[in-house]
Amino acid sequence: MIDPQLLRNDTELVAQRLRTKRHEFDVERFQALESQRKQLQVESEDLQAKRNAKSKEIGKIKAQGGDVDAIKSEVAAFADRLKAAQGELAQVQESLLAITDVMPNMPHESVPQGNSEDDNIEVLRWGTPGQFDFPVKDHVDLGQDANAMDFETATKIAGPRFVVMRGELVRMHRALIQYMLNTHVEEHGYEEVYAPYLVNQASLIGTGQFSKFADHDLFATQSEDGYYLIPTAEVPVTNIVRDSLLSEQELPKKWVAHTPCFRREAGSYGRDTRGMIRQHQFEKVELVQIVHPSESYDRLEELTLNAEAILQGLELPYRKVVLCGGDLGFSAAKTYDLEVWLPGQDAYREISSCSNFEAFQARRMKARFRSNSKKTELVHTLNGSGLAVGRTLLAIMENFQQADGSITIPEVLRGYMGGRSQIFETK
RNA sequence: GGAGAGGUGGCAGAGCGGCUGAAUGCACCGGUCUUGAAAACCGGCAAGGGUUAAUAGCCCUUCGUGGGUUCAAAUCCCACCCUCUCCGCCA
């Protein structure tokens, strides 16, 4: 949610900045509705003030034993007007909400112009893609050849975009989760959090995944509770601070959580249908920070480095890009994507997305803190994958594959793998 | 699932339908005192919104949520949600 004051006072500026995010809204209509809102709100609050004053008079007159019939009919006279004004006001506000509710966050001024991922700007390349003196396989062939990855069975059990994994590959998957969590807790100062995988609508609205007026990419339960499966741990973890008033000393909050994530991927038919790149269910280790507004951009750099540390620890070549305006998500003001090198695709693919949401989520969530100067202010929220576990697993498979189809285990994972150095060894 | 109790400001906890936006305590902020601190004492301190140049004033809203009764609701009525205790069930 964009600051309503800013939106009112500087509508053109907001419209202009949202254009870099390829979001258009009808400025004239907004301003017309806004002036109606103002007039109606002033009118109805004025009538309420009058009613309150008269009611107090009645109380006093009655206390003195006077007659109140005359003044009562006076109140009744403008009760209808009040009701009408309030009704109209509610309608205008609903119309305004239809505009503002689908309005994405404004990009930070450092965000490059552009329409699509082709316009993202690379800021860093780490590591060198390995050279192979044999034909490389992708993770699907590697996994299936070792009888460790089974898409057909998953389709039977559930449907497309699921996987069944078996044996030592699953152990490496689990090792990755441990490695990521331990690193963020022990070296980066995050507190580990366990939170619900089913959430209510208010939480999804809070972090911006859900709007009354927009489509969403979520699995909903059929139960009367109205629960949704989380698309990312960002939702339950960030919503810890929803409807709360923190003290300044409590900031920053740094949380890390491992959860499964569930996404319908409704808008991506035909994309990444092969393999484990895009699944309905995947594991992710997520970093969340709740910070003082003055330091959120420093924290974004830090959080991104925390995610990068995992890729570096695993010796996976990657690059870091700043998303251009057109590629930015709904709630984000600035996002770094980390893209890991996948030999099987001969391309860098997204493995982490680290964003600063500024006060956009905080305003929706009513997540505030009392500053040392006694004022209440909205916090800034950030999050990033640290990392997507499934994609990390397949990146290791593809980058560390050997000619015989076995896979070398990265050094840092060996302690979690019984000290072994390879999986898929041919007996 | 059955029975009972309860949801009020950052926290705890009062609150006859009008004098209650809300006692009191804690926490917090300012001051007196002190070499400094603590204690004691004095004073201040809810949030959100509107209007506005204003973080000044004024006004509106809010006592779990939504509806209702009334000139007037934290207080009365209805529905729902949540929490706690006991019993049952259960990883």
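So that the names make sense, note that chain A is the first sequence line, chain B the second, and so on, each numbered from 1.
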Considering Watson-Crick and G-U wobble pairs with both distances under 3.5 Å, what does B/U51 pair with?
B/G57

G-U wobble or Watson-Crick pairing nucleotide for B/U35 (cut-off 3.5 Å, both distances)
none

Hydrogens and angles aside, do A/S203 and A/R242 bring a side-chain donor and acceptor to less than 3.5 Å of each other?
yes

On a whole-Å scale, what distance lies between the P atoms belonging to B/C58 and B/A22?
14 Å

Taking only the P atom of each, what is the distance from B/A40 to B/C26 in whole angstrom?
8 Å

Rounded C1' spacing from B/A23 to B/G15 in Å:
8 Å

For chain A, the stretch of RNA chain B it reaches, first to last nucleotide, under 4.0 Å of its heavy atoms
B/G10 to B/A72

Using Watson-Crick geometry (N1-N3 plus N6-O4 or O6-N4) or G-U wobble (N1-O2, O6-N3), each under 3.5 Å, B/G30 is paired with B/C42

To check you understand the geometry: which heavy-atom pair defines the closest contact between A/A332 and A/T335, and what is its length?
CB-OG1, 3.4 Å

Tell me if the aromatic rings of A/Y228 and A/F262 count as close, with their centers under 6.0 Å from one another.
no

Who does B/A22 pair with, Watson-Crick or G-U, both distances under 3.5 Å?
none

If we take the C1' atom in both B/G48 and B/U35, what is their distance in whole Å?
46 Å

Run the numbers on A/F162 and A/F151 for ring pair (Phe, Tyr, Trp, His ring centres under 6.0 Å), then give the verdict.
CA-CA 7 Å; A/F162 288 95; A/F151 295 98; over 10 Å; no

My understanding is that a pair needs two contacts under 3.5 Å, Watson-Crick or G-U wobble. By that rule, which nucleotide pairs with B/G88?
none

In residues 45-54 of chain A, which residues come under 4.0 Å of RNA chain B by heavy atom?
A/E45, A/Q48, A/A49, A/R51, A/N52

Using the C1' atom as the point on both nucleotides, what is the distance between B/C81 and B/G64, in whole Å?
7 Å

Considering only atom C1', compute the distance from B/A27 to B/C11 and round it to an integer number of Å.
7 Å

Within 6.0 angstrom of A/Q91 CD, more than 12 heavy atoms from elsewhere
no

Looking at A/R264, I'd like to know if its CZ atom is crowded, meaning that more than 12 non-hydrogen atoms belonging to other residues, nucleotides or ligands lie closer than 6.0 Å.
no

Spacing of the P atoms in B/G68 and B/G13 (rounded, Å):
32 Å

I want to know whether A/H380 and A/Y297 have ring centres closer than 6.0 Å.
no

Any strand counts, and the cut-off is 3.5 Å on both contacts for Watson-Crick or G-U wobble. Which nucleotide pairs with B/U83?
B/A5

